[in-house]
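Values reported hereafter were calculated over all heavy atoms of this structure, with side chains retained and with hydrogens, waters and symmetry mates removed. So you know, we letter chains A, B, ... as the sequences are listed, proteins then strands, and number each from 1.
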Number of protein chains: 2
Amino acid sequence: MDWKADATVSMGVWERPFTVVRDGDSIPGILWKPENAAGSLPLVLMGHGGQSEKRNEAGLALARRFVRRHGIAVAAIDAIDHGERGPIRVTEDPVGHPAYIALWKRTDTFDRMNADWSATLDAALATGEFDAGRVGYWGLSMGTMLGLPFVASEPRIKAAVLGLCGFTGPSAVRGRFGDRHRADAPRVTCPVLFMVQWDDERFDRDGAFELFGALGANDKRMHVHPGLHGALSVEAQDATREFLAARLS
Amino acid sequence: MDWKADATVSMGVWERPFTVVRDGDSIPGILWKPENAAGSLPLVLMGHGGQSEKRNEAGLALARRFVRRHGIAVAAIDAIDHGERGPIRVTEDPVGHPAYIALWKRTDTFDRMNADWSATLDAALATGEFDAGRVGYWGLSMGTMLGLPFVASEPRIKAAVLGLCGFTGPSAVRGRFGDRHRADAPRVTCPVLFMVQWDDERFDRDGAFELFGALGANDKRMHVHPGLHGALSVEAQDATREFLAARLS
(Lines give C-alpha, C1' and ligand atoms only; values in the text may rest on other atoms or scores of the structure.)
Protein backbone atom coordinates (compact mmCIF):
# COMPACT_ATOMS: atom_id res chain seq x y z
CA MET A 1 0.00 0.00 0.00
CA ASP A 2 1.86 3.07 -1.28
CA TRP A 3 0.52 6.29 0.22
CA LYS A 4 0.01 8.95 -2.40
CA ALA A 5 -0.59 12.07 -0.31
CA ASP A 6 -0.79 13.17 3.28
CA ALA A 7 -3.67 11.98 5.38
CA THR A 8 -6.52 14.34 6.09
CA VAL A 9 -8.90 14.19 9.04
CA SER A 10 -12.57 15.19 9.03
CA MET A 11 -14.55 14.99 12.26
CA GLY A 12 -12.63 12.01 13.57
CA VAL A 13 -12.28 10.26 10.22
CA TRP A 14 -8.73 9.76 8.93
CA GLU A 15 -8.55 9.50 5.12
CA ARG A 16 -5.62 8.85 2.83
CA PRO A 17 -5.27 7.96 -0.86
CA PHE A 18 -3.11 4.98 -1.76
CA THR A 19 -1.93 2.95 -4.71
CA VAL A 20 -1.58 -0.79 -4.94
CA VAL A 21 0.60 -2.12 -7.75
CA ARG A 22 -0.24 -5.51 -9.22
CA ASP A 23 1.41 -7.00 -12.32
CA GLY A 24 2.43 -3.56 -13.45
CA ASP A 25 -1.10 -2.21 -13.07
CA SER A 26 -1.62 0.62 -10.64
CA ILE A 27 -4.82 0.51 -8.57
CA PRO A 28 -5.78 3.83 -6.93
CA GLY A 29 -7.71 3.67 -3.68
CA ILE A 30 -8.70 5.48 -0.51
CA LEU A 31 -8.58 4.25 3.05
CA TRP A 32 -10.75 5.64 5.83
CA LYS A 33 -10.31 4.74 9.49
CA PRO A 34 -10.86 6.28 12.93
CA GLU A 35 -8.50 9.18 13.66
CA ASN A 36 -7.52 7.48 16.89
CA ALA A 37 -7.53 3.86 15.81
CA ALA A 38 -6.38 1.30 18.34
CA GLY A 39 -5.97 -2.42 17.93
CA SER A 40 -6.89 -4.50 14.94
CA LEU A 41 -9.78 -2.95 13.00
CA PRO A 42 -12.57 -4.54 10.98
CA LEU A 43 -12.40 -3.54 7.32
CA VAL A 44 -15.07 -3.09 4.65
CA LEU A 45 -14.07 -3.14 0.98
CA MET A 46 -16.47 -0.78 -0.81
CA GLY A 47 -17.12 -1.13 -4.54
CA HIS A 48 -18.61 1.86 -6.34
CA GLY A 49 -21.38 1.91 -8.94
CA GLY A 50 -21.10 2.17 -12.72
CA GLN A 51 -19.78 5.44 -14.13
CA SER A 52 -18.86 6.60 -10.64
CA GLU A 53 -15.56 6.52 -8.74
CA LYS A 54 -14.00 5.55 -5.42
CA ARG A 55 -14.77 8.81 -3.62
CA ASN A 56 -18.29 9.38 -4.87
CA GLU A 57 -20.55 11.41 -2.61
CA ALA A 58 -22.71 8.56 -1.31
CA GLY A 59 -19.73 6.27 -0.83
CA LEU A 60 -17.83 8.93 1.09
CA ALA A 61 -20.80 9.47 3.40
CA LEU A 62 -21.17 5.72 3.92
CA ALA A 63 -17.46 5.26 4.63
CA ARG A 64 -17.51 8.05 7.20
CA ARG A 65 -20.52 6.48 8.90
CA PHE A 66 -18.78 3.11 9.07
CA VAL A 67 -15.84 4.81 10.76
CA ARG A 68 -17.71 7.16 13.08
CA ARG A 69 -20.57 4.95 14.16
CA HIS A 70 -18.91 1.53 14.18
CA GLY A 71 -15.14 2.02 14.23
CA ILE A 72 -14.92 0.06 11.00
CA ALA A 73 -12.30 1.03 8.41
CA VAL A 74 -13.22 1.25 4.73
CA ALA A 75 -11.13 0.83 1.59
CA ALA A 76 -12.39 1.79 -1.86
CA ILE A 77 -10.66 1.45 -5.22
CA ASP A 78 -11.46 2.79 -8.66
CA ALA A 79 -12.90 0.11 -10.91
CA ILE A 80 -11.18 -0.55 -14.23
CA ASP A 81 -11.38 2.50 -16.52
CA HIS A 82 -13.18 4.50 -13.81
CA GLY A 83 -12.00 7.50 -11.78
CA GLU A 84 -8.22 7.89 -11.84
CA ARG A 85 -8.09 4.84 -14.10
CA GLY A 86 -10.24 6.86 -16.58
CA PRO A 87 -11.64 7.62 -19.08
CA ILE A 88 -15.08 6.96 -17.59
CA ARG A 89 -16.40 10.07 -15.85
CA VAL A 90 -19.02 10.37 -13.16
CA THR A 91 -22.42 10.65 -14.84
CA GLU A 92 -26.05 9.79 -14.32
CA ASP A 93 -26.40 9.03 -18.03
CA PRO A 94 -27.62 5.43 -18.17
CA VAL A 95 -26.54 4.95 -21.77
CA GLY A 96 -22.95 5.22 -20.86
CA HIS A 97 -19.52 6.23 -21.97
CA PRO A 98 -18.15 4.14 -24.85
CA ALA A 99 -15.44 2.86 -22.49
CA TYR A 100 -18.14 1.74 -20.06
CA ILE A 101 -19.94 -0.21 -22.75
CA ALA A 102 -16.61 -1.66 -23.89
CA LEU A 103 -15.78 -2.76 -20.33
CA TRP A 104 -18.52 -5.37 -20.49
CA LYS A 105 -17.40 -6.72 -23.83
CA ARG A 106 -13.91 -7.53 -22.64
CA THR A 107 -13.36 -11.06 -21.44
CA ASP A 108 -10.93 -10.21 -18.63
CA THR A 109 -12.92 -7.56 -16.74
CA PHE A 110 -14.19 -9.80 -13.95
CA ASP A 111 -10.91 -11.64 -13.35
CA ARG A 112 -8.94 -8.39 -13.36
CA MET A 113 -11.23 -6.82 -10.78
CA ASN A 114 -11.08 -9.95 -8.62
CA ALA A 115 -7.30 -9.73 -8.64
CA ASP A 116 -7.39 -5.96 -8.00
CA TRP A 117 -9.55 -6.44 -4.95
CA SER A 118 -7.55 -9.36 -3.58
CA ALA A 119 -4.32 -7.39 -4.04
CA THR A 120 -5.89 -4.44 -2.24
CA LEU A 121 -6.91 -6.70 0.62
CA ASP A 122 -3.41 -8.23 0.74
CA ALA A 123 -1.89 -4.74 0.94
CA ALA A 124 -4.32 -3.57 3.61
CA LEU A 125 -3.71 -6.62 5.80
CA ALA A 126 0.04 -6.22 5.33
CA THR A 127 -0.15 -2.93 7.24
CA GLY A 128 -1.01 -4.94 10.35
CA GLU A 129 -3.81 -2.55 11.22
CA PHE A 130 -6.75 -4.74 10.19
CA ASP A 131 -8.24 -7.99 11.44
CA ALA A 132 -8.10 -10.61 8.67
CA GLY A 133 -11.05 -12.36 10.31
CA ARG A 134 -13.32 -9.33 10.10
CA VAL A 135 -13.38 -8.23 6.47
CA GLY A 136 -16.61 -7.47 4.62
CA TYR A 137 -17.63 -6.32 1.15
CA TRP A 138 -20.17 -3.62 0.28
CA GLY A 139 -21.19 -2.98 -3.33
CA LEU A 140 -24.47 -2.30 -5.12
CA SER A 141 -25.26 -2.11 -8.85
CA MET A 142 -21.85 -2.24 -10.56
CA GLY A 143 -20.48 -2.83 -7.08
CA THR A 144 -22.29 -6.18 -7.33
CA MET A 145 -21.60 -6.76 -11.03
CA LEU A 146 -17.90 -6.61 -10.21
CA GLY A 147 -18.15 -7.53 -6.53
CA LEU A 148 -20.14 -10.76 -6.72
CA PRO A 149 -17.37 -12.61 -8.59
CA PHE A 150 -14.87 -11.20 -6.08
CA VAL A 151 -16.89 -12.31 -3.03
CA ALA A 152 -17.36 -15.71 -4.69
CA SER A 153 -13.59 -16.03 -5.16
CA GLU A 154 -12.30 -14.55 -1.90
CA PRO A 155 -12.78 -16.64 1.27
CA ARG A 156 -11.51 -13.78 3.45
CA ILE A 157 -14.80 -11.92 2.90
CA LYS A 158 -16.94 -12.79 5.94
CA ALA A 159 -20.13 -10.89 5.02
CA ALA A 160 -21.35 -9.00 1.98
CA VAL A 161 -23.91 -6.42 0.99
CA LEU A 162 -24.95 -6.92 -2.62
CA GLY A 163 -27.89 -5.90 -4.81
CA LEU A 164 -29.45 -3.40 -7.21
CA CYS A 165 -28.47 -6.03 -9.73
CA GLY A 166 -29.83 -9.19 -11.27
CA PHE A 167 -29.73 -11.62 -14.14
CA THR A 168 -32.06 -9.64 -16.40
CA GLY A 169 -32.84 -6.09 -17.46
CA PRO A 170 -31.15 -3.55 -19.74
CA SER A 171 -27.95 -3.29 -17.67
CA ALA A 172 -27.66 -7.06 -17.31
CA VAL A 173 -28.01 -7.60 -21.03
CA ARG A 174 -25.43 -4.94 -21.82
CA GLY A 175 -23.07 -6.23 -19.16
CA ARG A 176 -23.37 -9.87 -20.11
CA PHE A 177 -23.83 -9.98 -16.37
CA GLY A 178 -25.88 -13.13 -16.32
CA ASP A 179 -23.28 -15.40 -17.87
CA ARG A 180 -20.56 -14.96 -15.29
CA HIS A 181 -22.87 -14.49 -12.37
CA ARG A 182 -25.06 -17.51 -12.87
CA ALA A 183 -21.85 -19.48 -12.39
CA ASP A 184 -20.51 -17.45 -9.48
CA ALA A 185 -23.66 -16.83 -7.41
CA PRO A 186 -23.72 -20.34 -5.90
CA ARG A 187 -20.13 -19.77 -4.75
CA VAL A 188 -21.14 -16.81 -2.58
CA THR A 189 -21.40 -18.58 0.75
CA CYS A 190 -20.78 -15.85 3.34
CA PRO A 191 -23.77 -14.10 4.97
CA VAL A 192 -25.40 -11.71 2.49
CA LEU A 193 -27.85 -8.84 2.62
CA PHE A 194 -29.25 -8.37 -0.88
CA MET A 195 -31.00 -5.11 -1.75
CA VAL A 196 -33.70 -4.76 -4.40
CA GLN A 197 -35.48 -1.68 -5.68
CA TRP A 198 -38.99 -2.80 -6.65
CA ASP A 199 -39.17 -0.43 -9.62
CA ASP A 200 -35.55 -0.87 -10.78
CA GLU A 201 -35.39 0.18 -14.44
CA ARG A 202 -31.89 -1.20 -15.05
CA PHE A 203 -32.12 -4.64 -13.48
CA ASP A 204 -35.70 -5.88 -13.37
CA ARG A 205 -37.01 -7.30 -10.14
CA ASP A 206 -37.61 -10.82 -11.42
CA GLY A 207 -33.96 -11.15 -12.40
CA ALA A 208 -32.89 -9.67 -9.07
CA PHE A 209 -35.04 -12.22 -7.22
CA GLU A 210 -33.54 -14.96 -9.35
CA LEU A 211 -30.04 -13.82 -8.43
CA PHE A 212 -30.95 -13.76 -4.74
CA GLY A 213 -32.25 -17.30 -5.06
CA ALA A 214 -29.04 -18.43 -6.73
CA LEU A 215 -26.73 -17.15 -3.99
CA GLY A 216 -25.11 -20.10 -2.28
CA ALA A 217 -25.29 -18.60 1.21
CA ASN A 218 -27.67 -20.24 3.65
CA ASP A 219 -27.54 -17.09 5.74
CA LYS A 220 -29.01 -14.55 3.35
CA ARG A 221 -31.85 -12.08 3.33
CA MET A 222 -33.33 -9.67 0.80
CA HIS A 223 -34.76 -6.23 1.52
CA VAL A 224 -37.07 -4.80 -1.12
CA HIS A 225 -38.16 -1.16 -1.26
CA PRO A 226 -40.24 0.76 -3.80
CA GLY A 227 -38.34 3.06 -6.11
CA LEU A 228 -36.09 3.29 -9.13
CA HIS A 229 -32.55 1.93 -9.38
CA GLY A 230 -30.84 4.99 -7.98
CA ALA A 231 -33.34 5.86 -5.26
CA LEU A 232 -32.14 3.76 -2.35
CA SER A 233 -33.89 5.00 0.80
CA VAL A 234 -32.08 6.07 3.94
CA GLU A 235 -33.70 3.11 5.70
CA ALA A 236 -32.22 0.75 3.13
CA GLN A 237 -28.79 2.38 3.29
CA ASP A 238 -28.79 2.15 7.07
CA ALA A 239 -29.75 -1.51 6.92
CA THR A 240 -26.74 -2.30 4.75
CA ARG A 241 -24.37 -0.58 7.16
CA GLU A 242 -25.91 -2.17 10.22
CA PHE A 243 -25.83 -5.61 8.61
CA LEU A 244 -22.06 -5.45 8.13
CA ALA A 245 -21.43 -3.75 11.46
CA ALA A 246 -23.30 -6.51 13.30
CA ARG A 247 -21.11 -9.16 11.67
CA LEU A 248 -17.72 -7.41 11.75
CA SER A 249 -17.71 -5.28 14.92
CA MET B 1 -63.82 -4.40 27.58
CA ASP B 2 -65.20 -6.83 30.20
CA TRP B 3 -62.43 -8.36 32.31
CA LYS B 4 -62.84 -12.09 32.64
CA ALA B 5 -60.34 -12.96 35.35
CA ASP B 6 -57.81 -11.32 37.61
CA ALA B 7 -54.69 -9.89 36.06
CA THR B 8 -51.46 -11.81 36.35
CA VAL B 9 -47.95 -10.37 36.18
CA SER B 10 -44.86 -12.05 34.74
CA MET B 11 -41.53 -10.26 34.92
CA GLY B 12 -43.04 -6.83 34.58
CA VAL B 13 -45.73 -7.81 32.08
CA TRP B 14 -49.34 -7.36 33.22
CA GLU B 15 -51.76 -9.73 31.44
CA ARG B 16 -55.53 -10.03 31.64
CA PRO B 17 -58.18 -11.82 29.59
CA PHE B 18 -61.15 -9.82 28.41
CA THR B 19 -64.31 -10.13 26.39
CA VAL B 20 -65.73 -7.63 23.95
CA VAL B 21 -69.38 -8.04 23.00
CA ARG B 22 -70.49 -6.93 19.56
CA ASP B 23 -73.95 -7.54 18.11
CA GLY B 24 -74.45 -10.40 20.53
CA ASP B 25 -71.18 -12.03 19.57
CA SER B 26 -68.61 -12.47 22.31
CA ILE B 27 -64.98 -11.88 21.32
CA PRO B 28 -62.43 -13.28 23.76
CA GLY B 29 -59.10 -11.50 23.99
CA ILE B 30 -56.01 -10.86 26.08
CA LEU B 31 -54.37 -7.58 26.92
CA TRP B 32 -50.69 -7.23 27.85
CA LYS B 33 -49.14 -4.02 29.16
CA PRO B 34 -46.32 -2.88 31.42
CA GLU B 35 -46.93 -3.71 35.09
CA ASN B 36 -46.26 -0.10 35.97
CA ALA B 37 -47.86 1.63 33.02
CA ALA B 38 -47.94 5.42 33.06
CA GLY B 39 -49.49 7.80 30.56
CA SER B 40 -51.09 6.92 27.28
CA LEU B 41 -49.58 3.76 25.78
CA PRO B 42 -49.03 2.71 22.18
CA LEU B 43 -51.04 -0.40 21.31
CA VAL B 44 -50.42 -3.27 18.89
CA LEU B 45 -53.32 -5.44 17.78
CA MET B 46 -51.90 -8.92 17.19
CA GLY B 47 -53.66 -11.39 14.89
CA HIS B 48 -52.75 -15.08 15.26
CA GLY B 49 -52.11 -17.62 12.53
CA GLY B 50 -54.45 -20.28 11.18
CA GLN B 51 -55.40 -23.12 13.52
CA SER B 52 -53.78 -21.29 16.41
CA GLU B 53 -55.23 -19.04 19.13
CA LYS B 54 -54.77 -15.69 20.85
CA ARG B 55 -52.25 -16.91 23.45
CA ASN B 56 -50.10 -19.12 21.22
CA GLU B 57 -46.51 -19.59 22.32
CA ALA B 58 -44.85 -17.35 19.71
CA GLY B 59 -47.49 -14.66 20.09
CA LEU B 60 -47.13 -14.65 23.87
CA ALA B 61 -43.35 -14.25 23.55
CA LEU B 62 -43.78 -11.44 21.03
CA ALA B 63 -46.34 -9.62 23.18
CA ARG B 64 -44.06 -9.80 26.19
CA ARG B 65 -41.16 -8.39 24.17
CA PHE B 66 -43.32 -5.50 22.93
CA VAL B 67 -44.14 -4.71 26.56
CA ARG B 68 -40.72 -5.25 28.12
CA ARG B 69 -38.49 -3.78 25.45
CA HIS B 70 -40.66 -0.99 24.09
CA GLY B 71 -43.40 -0.26 26.62
CA ILE B 72 -45.99 -1.05 23.96
CA ALA B 73 -49.25 -2.76 24.98
CA VAL B 74 -50.62 -5.66 22.93
CA ALA B 75 -54.17 -6.93 22.45
CA ALA B 76 -54.94 -10.27 20.81
CA ILE B 77 -58.32 -11.85 20.08
CA ASP B 78 -59.35 -15.32 18.98
CA ALA B 79 -60.25 -15.41 15.30
CA ILE B 80 -63.68 -16.74 14.37
CA ASP B 81 -64.05 -20.43 15.29
CA HIS B 82 -60.56 -20.46 16.84
CA GLY B 83 -59.46 -20.81 20.49
CA GLU B 84 -62.30 -20.05 22.91
CA ARG B 85 -64.55 -19.48 19.91
CA GLY B 86 -63.82 -23.15 18.92
CA PRO B 87 -63.95 -25.74 17.49
CA ILE B 88 -60.59 -25.21 15.72
CA ARG B 89 -57.74 -26.49 17.84
CA VAL B 90 -54.08 -25.59 17.74
CA THR B 91 -52.38 -27.86 15.21
CA GLU B 92 -49.49 -27.90 12.79
CA ASP B 93 -51.59 -30.01 10.39
CA PRO B 94 -51.69 -28.00 7.18
CA VAL B 95 -54.76 -29.83 5.86
CA GLY B 96 -56.91 -28.36 8.51
CA HIS B 97 -59.91 -28.89 10.70
CA PRO B 98 -63.19 -29.04 8.78
CA ALA B 99 -64.27 -25.85 10.51
CA TYR B 100 -61.09 -24.16 9.29
CA ILE B 101 -61.81 -25.16 5.73
CA ALA B 102 -65.41 -24.02 6.14
CA LEU B 103 -64.28 -20.64 7.47
CA TRP B 104 -62.96 -19.72 4.04
CA LYS B 105 -66.14 -20.75 2.26
CA ARG B 106 -68.34 -18.43 4.28
CA THR B 107 -69.02 -15.06 2.72
CA ASP B 108 -69.04 -13.10 5.98
CA THR B 109 -65.69 -14.15 7.47
CA PHE B 110 -63.69 -11.07 6.48
CA ASP B 111 -66.35 -8.52 7.39
CA ARG B 112 -67.02 -10.21 10.73
CA MET B 113 -63.32 -10.14 11.63
CA ASN B 114 -63.02 -6.51 10.57
CA ALA B 115 -65.89 -5.63 12.89
CA ASP B 116 -64.43 -7.79 15.69
CA TRP B 117 -61.10 -5.98 15.50
CA SER B 118 -62.65 -2.52 15.28
CA ALA B 119 -64.87 -3.29 18.26
CA THR B 120 -61.83 -4.50 20.18
CA LEU B 121 -59.99 -1.29 19.35
CA ASP B 122 -63.03 0.77 20.39
CA ALA B 123 -63.13 -1.05 23.71
CA ALA B 124 -59.39 -0.69 24.31
CA LEU B 125 -59.42 3.03 23.56
CA ALA B 126 -62.46 3.48 25.80
CA THR B 127 -60.34 2.49 28.81
CA GLY B 128 -58.42 5.74 28.34
CA GLU B 129 -55.11 3.92 28.71
CA PHE B 130 -54.05 3.92 25.06
CA ASP B 131 -53.03 6.57 22.56
CA ALA B 132 -55.45 6.52 19.61
CA GLY B 133 -52.72 8.01 17.45
CA ARG B 134 -50.28 5.18 18.09
CA VAL B 135 -52.04 1.94 17.17
CA GLY B 136 -50.44 -0.74 14.99
CA TYR B 137 -51.36 -4.15 13.63
CA TRP B 138 -49.17 -7.27 13.60
CA GLY B 139 -50.33 -10.42 11.84
CA LEU B 140 -48.66 -13.01 9.59
CA SER B 141 -50.16 -15.87 7.58
CA MET B 142 -53.82 -16.02 8.70
CA GLY B 143 -53.00 -12.89 10.65
CA THR B 144 -52.66 -11.28 7.23
CA MET B 145 -55.48 -13.20 5.55
CA LEU B 146 -57.82 -11.73 8.17
CA GLY B 147 -55.73 -8.68 9.04
CA LEU B 148 -55.18 -7.15 5.63
CA PRO B 149 -58.90 -6.40 5.12
CA PHE B 150 -58.98 -4.97 8.65
CA VAL B 151 -55.97 -2.70 8.10
CA ALA B 152 -57.49 -1.64 4.79
CA SER B 153 -60.74 -0.71 6.52
CA GLU B 154 -59.43 0.85 9.74
CA PRO B 155 -57.80 4.30 9.47
CA ARG B 156 -56.74 4.18 13.12
CA ILE B 157 -54.02 1.65 12.23
CA LYS B 158 -50.85 3.71 11.78
CA ALA B 159 -48.41 0.94 10.82
CA ALA B 160 -48.75 -2.76 10.04
CA VAL B 161 -46.65 -5.90 9.86
CA LEU B 162 -48.10 -8.31 7.30
CA GLY B 163 -46.83 -11.28 5.31
CA LEU B 164 -46.36 -15.04 5.04
CA CYS B 165 -49.27 -14.69 2.67
CA GLY B 166 -49.97 -13.97 -0.96
CA PHE B 167 -52.39 -14.23 -3.85
CA THR B 168 -51.37 -17.74 -4.88
CA GLY B 169 -50.41 -21.10 -3.39
CA PRO B 170 -52.36 -23.91 -1.71
CA SER B 171 -53.53 -21.82 1.25
CA ALA B 172 -54.55 -18.92 -0.98
CA VAL B 173 -56.60 -21.18 -3.22
CA ARG B 174 -58.32 -22.82 -0.28
CA GLY B 175 -58.92 -19.49 1.40
CA ARG B 176 -60.21 -17.73 -1.70
CA PHE B 177 -57.75 -15.23 -0.29
CA GLY B 178 -56.97 -13.62 -3.58
CA ASP B 179 -60.49 -12.42 -4.35
CA ARG B 180 -60.99 -10.23 -1.31
CA HIS B 181 -57.39 -9.18 -1.02
CA ARG B 182 -56.81 -8.08 -4.56
CA ALA B 183 -59.54 -5.54 -3.85
CA ASP B 184 -58.32 -4.59 -0.39
CA ALA B 185 -54.53 -4.44 -0.86
CA PRO B 186 -54.56 -1.03 -2.60
CA ARG B 187 -56.51 0.32 0.39
CA VAL B 188 -53.67 -0.50 2.79
CA THR B 189 -52.01 2.91 2.93
CA CYS B 190 -50.24 2.97 6.30
CA PRO B 191 -46.51 2.08 6.50
CA VAL B 192 -46.09 -1.68 6.07
CA LEU B 193 -43.34 -4.22 6.67
CA PHE B 194 -44.18 -7.30 4.59
CA MET B 195 -42.45 -10.59 5.41
CA VAL B 196 -41.84 -13.36 2.89
CA GLN B 197 -40.37 -16.83 3.38
CA TRP B 198 -38.53 -17.67 0.15
CA ASP B 199 -39.48 -21.36 0.33
CA ASP B 200 -43.04 -20.85 1.59
CA GLU B 201 -45.00 -24.00 0.76
CA ARG B 202 -48.41 -22.53 1.58
CA PHE B 203 -48.26 -19.19 -0.19
CA ASP B 204 -45.79 -19.24 -3.06
CA ARG B 205 -43.28 -16.43 -3.33
CA ASP B 206 -44.53 -15.08 -6.65
CA GLY B 207 -47.99 -14.53 -5.21
CA ALA B 208 -46.48 -12.97 -2.09
CA PHE B 209 -44.43 -10.56 -4.22
CA GLU B 210 -47.57 -9.75 -6.17
CA LEU B 211 -49.43 -8.94 -2.96
CA PHE B 212 -46.57 -6.72 -1.79
CA GLY B 213 -46.72 -4.88 -5.10
CA ALA B 214 -50.46 -4.38 -4.75
CA LEU B 215 -50.28 -2.75 -1.32
CA GLY B 216 -51.33 0.88 -1.62
CA ALA B 217 -48.77 2.17 0.87
CA ASN B 218 -45.97 4.31 -0.53
CA ASP B 219 -43.99 3.62 2.63
CA LYS B 220 -43.59 -0.15 2.43
CA ARG B 221 -40.72 -2.61 2.44
CA MET B 222 -40.42 -6.38 2.10
CA HIS B 223 -37.97 -8.63 3.94
CA VAL B 224 -37.35 -12.03 2.38
CA HIS B 225 -35.60 -14.90 4.16
CA PRO B 226 -34.95 -18.49 3.11
CA GLY B 227 -37.13 -21.11 4.74
CA LEU B 228 -40.54 -22.71 4.86
CA HIS B 229 -43.77 -21.00 5.87
CA GLY B 230 -43.45 -21.67 9.57
CA ALA B 231 -39.71 -21.12 9.93
CA LEU B 232 -39.51 -17.36 10.50
CA SER B 233 -36.01 -16.54 11.76
CA VAL B 234 -35.27 -14.65 14.95
CA GLU B 235 -33.82 -11.87 12.79
CA ALA B 236 -37.09 -11.62 10.88
CA GLN B 237 -39.18 -11.68 14.06
CA ASP B 238 -37.05 -8.97 15.60
CA ALA B 239 -37.39 -6.82 12.48
CA THR B 240 -41.19 -6.94 12.72
CA ARG B 241 -41.13 -5.82 16.33
CA GLU B 242 -38.60 -3.08 15.75
CA PHE B 243 -40.53 -1.81 12.73
CA LEU B 244 -43.67 -1.20 14.79
CA ALA B 245 -41.74 0.06 17.81
CA ALA B 246 -39.97 2.68 15.67
CA ARG B 247 -43.31 3.98 14.42
CA LEU B 248 -45.41 3.78 17.60
CA SER B 249 -43.01 4.47 20.46
Going by ring-ring contact (aromatic ring centres under 6.0 Å, His included), name the pairs with one or both residues in residues 41-67 of chain A, residues two or more places apart or in two chains. A:His48-A:His82
Give me each pair satisfying side chain to side chain donor-acceptor pair (under 3.5 Å) with a member in residues 60-74 of chain A, each pair once, sequence neighbours excluded. A:His70-A:Arg241
Using heavy atoms and a sub-4.5 Å threshold, report which of residues 212-226 of chain B line up against chain A, by residue number. B:Phe212, B:Gly213, B:Asn218, B:Lys220, B:Arg221, B:Met222, B:His223, B:Val224, B:His225, B:Pro226
Select one option (side chain, backbone, both, neither) describing which atoms of A:Phe209 are under 4.5 Å from chain B's heavy atoms. both
For A:Trp117, check ring pair (Phe, Tyr, Trp, His ring centres under 6.0 Å) against everything at least two apart and list the hits. A:Tyr137, A:Phe150
